[in-house]
Number of protein chains: 2
Amino acid sequence: MTGLQAPHALKVGELAKAVGVSTDALRYYERAGLLPPPDRSPAGYRLYPPSAADRVHFIQGCQRLGLRLAEIADLLDVRDTGQCPCEPAESLLRRRIVELDRELDRLTRLRSDLQAMADQLHGADCPDPDPGTWCPPGSKNMKEVTDDGHQKGLPLLR
Amino acid sequence: MTGLQAPHALKVGELAKAVGVSTDALRYYERAGLLPPPDRSPAGYRLYPPSAADRVHFIQGCQRLGLRLAEIADLLDVRDTGQCPCEPAESLLRRRIVELDRELDRLTRLRSDLQAMADQLHGADCPDPDPGTWCPPGSKNMKEVTDDGHQKGLPLLR
DNA sequence: GTTGACCTTGAAGTGGGCTCCAAGGTTTAA
DNA sequence: TTAAACCTTGGAGCCCACTTCAAGGTCAAC
Ligand SMILES: [Zn+2]
Ligand SMILES: [Zn+2]
Ligand SMILES: [Zn+2]
Ligand SMILES: [Zn+2]
């Protein structure tokens, strides 16, 4: 409506509301090199072009994929040059998939460990143990010791 | 061998080496309330009883389960009182399992999204796009826009 | 008696992605 | 005219589990 500086320019709060992030986050993206320094109004207010909204959407999409801001900045640099983005994007994605597989593996094993512990706990007859010397509740291996000679704690808490 | 202060007392470096953490971490655990303040030698050196090693092992085991230090501190408090630990342990475990399930779900969906993107990327014929206007590589929906009227980026990067 | 490995303390730094604050200047509506 | 609602900046704070630093004191070996 104003049209003085540029058509449809957005002040920082307007952009923030449009894309659903805080104004602080937008200024942070600028410092981090994800958003180029926008034009300023005579009073020094940031005036973003409408395309900035797409840029922030892109950032948000990348974040949903688990990419870090530094990686997103790399992608945006490529995007700005107009070069084919497939190569960097593909290697980023593959790296991230490998990370995810490792993490999924770790969490899956962890989950089954926790489940095993919780199951043991549930059926336990449980007299109070000696203070400071757990007491694997309901376990027959209370007296077992680890290879360095210490008493075992809860199962898997060696 | 010394036996002056206490039998088999460990200096901080000895305990650290025995359990495989840094001396700084041990002092940090003390500040955080996970390790009780140990006796001191005349020179002010920390002298840990051998049971401190078990305590640290317990901490490490809990950490492997993904528990935070504050939660571990709660468990240790119970352990020190000699009360039956099943109740707090069980609710901690259940809470953690729920967290894990949510996280596993999230990561699994993420992984399949990334895989889909990587697959699209691979078979793409790819002319360089216009700068700043990606260019969903190899996608037929280049012209699609999101519900707020902006151009779509890479698939799933809306 | 001197080197060097150990120990002490409090404070500050790390990383990631922000958030919050103070102390101002600007714009807009009443 | 003045209040409210915006905007600016630099810098600090947050979370977590540490690590690193600075500036010393202590203890063993040679
Ligand atoms: Zn391409
Ligand atoms: Zn042990
Ligand atoms: Zn019990
Ligand atoms: Zn949009």
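Only a predicted model underlies this, so the values are computations on that prediction, with no experimental measurement involved. Naming: A, B, ... by sequence-line order, numbering from 1 per chain.
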Exercise for review: Report the nucleotide, chosen from D:dC7, C:dC18, D:dT19, that has the shortest atom-to-atom distance to any side-chain atom of A:Val12.
Suggested key: D:dC7
**Study point:** Lys/Arg-Asp/Glu bridge criterion (N-O < 4.0 Å) met for B:Arg94, B:Glu90
**Key:** yes
Practice item. Report the residue (B:Ala70 or B:Tyr45) whose heavy-atom-nearest nucleotide on DNA chain D is the more 5′ of the two. Key: B:Ala70
Review point. Is there a donor in the side chain of A:Arg55 and an acceptor in the side chain of A:Ser51, or the other way round, less than 3.5 Å apart?
Key: no
**Study point:** Spacing between A:Leu67 atom CG and C:dG16 atom P, to the nearest angstrom
**Key:** 14 Å
Exercise for review: Identify which nucleotide among C:dG16, D:dT8, D:dT19 has an atom closest to any side-chain atom of A:Arg68, counting heavy atoms from C-beta outward.
Suggested key: C:dG16
Practice item. Give a yes/no answer on whether the side chain of A:Gln60 brings an N or O atom under 4.0 Å of OP1 or OP2 in C:dG17. Key: no
Review point. Between B:Leu26 (CG) and C:dC7 (P), how many Å, whole number?
Key: 10 Å
Check your understanding: Out of C:dT8, D:dT8, D:dC27, which has the shortest distance to the side chain of B:Arg40?
Key -> C:dT8
Review point. Think B:Gln63 has a side-chain N or O under 4.0 angstrom from the OP1 or OP2 of D:dC16?
Key: no
Point to revise | Closest to the A:Asp24 side chain, choosing from C:dT19, D:dC7, D:dT26 | key: C:dT19
Check your understanding: Quick one: on DNA chain D, does A:Ala43 or B:Arg31 contact a more 5' nucleotide (nearest heavy atom)?
Key -> A:Ala43
Practice item. Please work out if A:Arg27 contacts a base, only the sugar-phosphate, or nothing of the nucleic acid, heavy-atom cut-off 4.0 Å. Key: base
Study note, to complete from the structure: Atom NZ of A:Lys11 and atom P of C:dT27 are separated, to the nearest Å, by 8 Å
Review point. For D:dC18, does OP1 or OP2 lie under 4.0 Å from any side-chain N or O of B:Tyr29?
Key: yes
Review point. Salt bridge check: are A:Arg96 and A:Glu71 linked by an N-O gap of less than 4.0 Å?
Key: no
Review point. Donor-acceptor pair under 3.5 Å: do we get one between A:Tyr28's side chain and the base of C:dG16?
Key: no
Practice item. In plain terms, say whether B:Arg102 and B:Asp105 are close enough for a salt bridge, that is, a side-chain N and a carboxylate O under 4.0 Å apart. Key: no
Practice item. Indicate whether OP1 or OP2 belonging to D:dT8 is found under 4.0 Å from a side-chain N or O atom of A:Arg46. Key: yes
Study note, to complete from the structure: Among C:dC20, C:dG17, D:dT19, the one nearest any side-chain atom of A:Leu69 is C:dG17
Review point. Can a salt bridge be assigned to the pair A:Glu103 and A:Arg106 using a cut-off of 4.0 Å between side-chain N and carboxylate O?
Key: yes
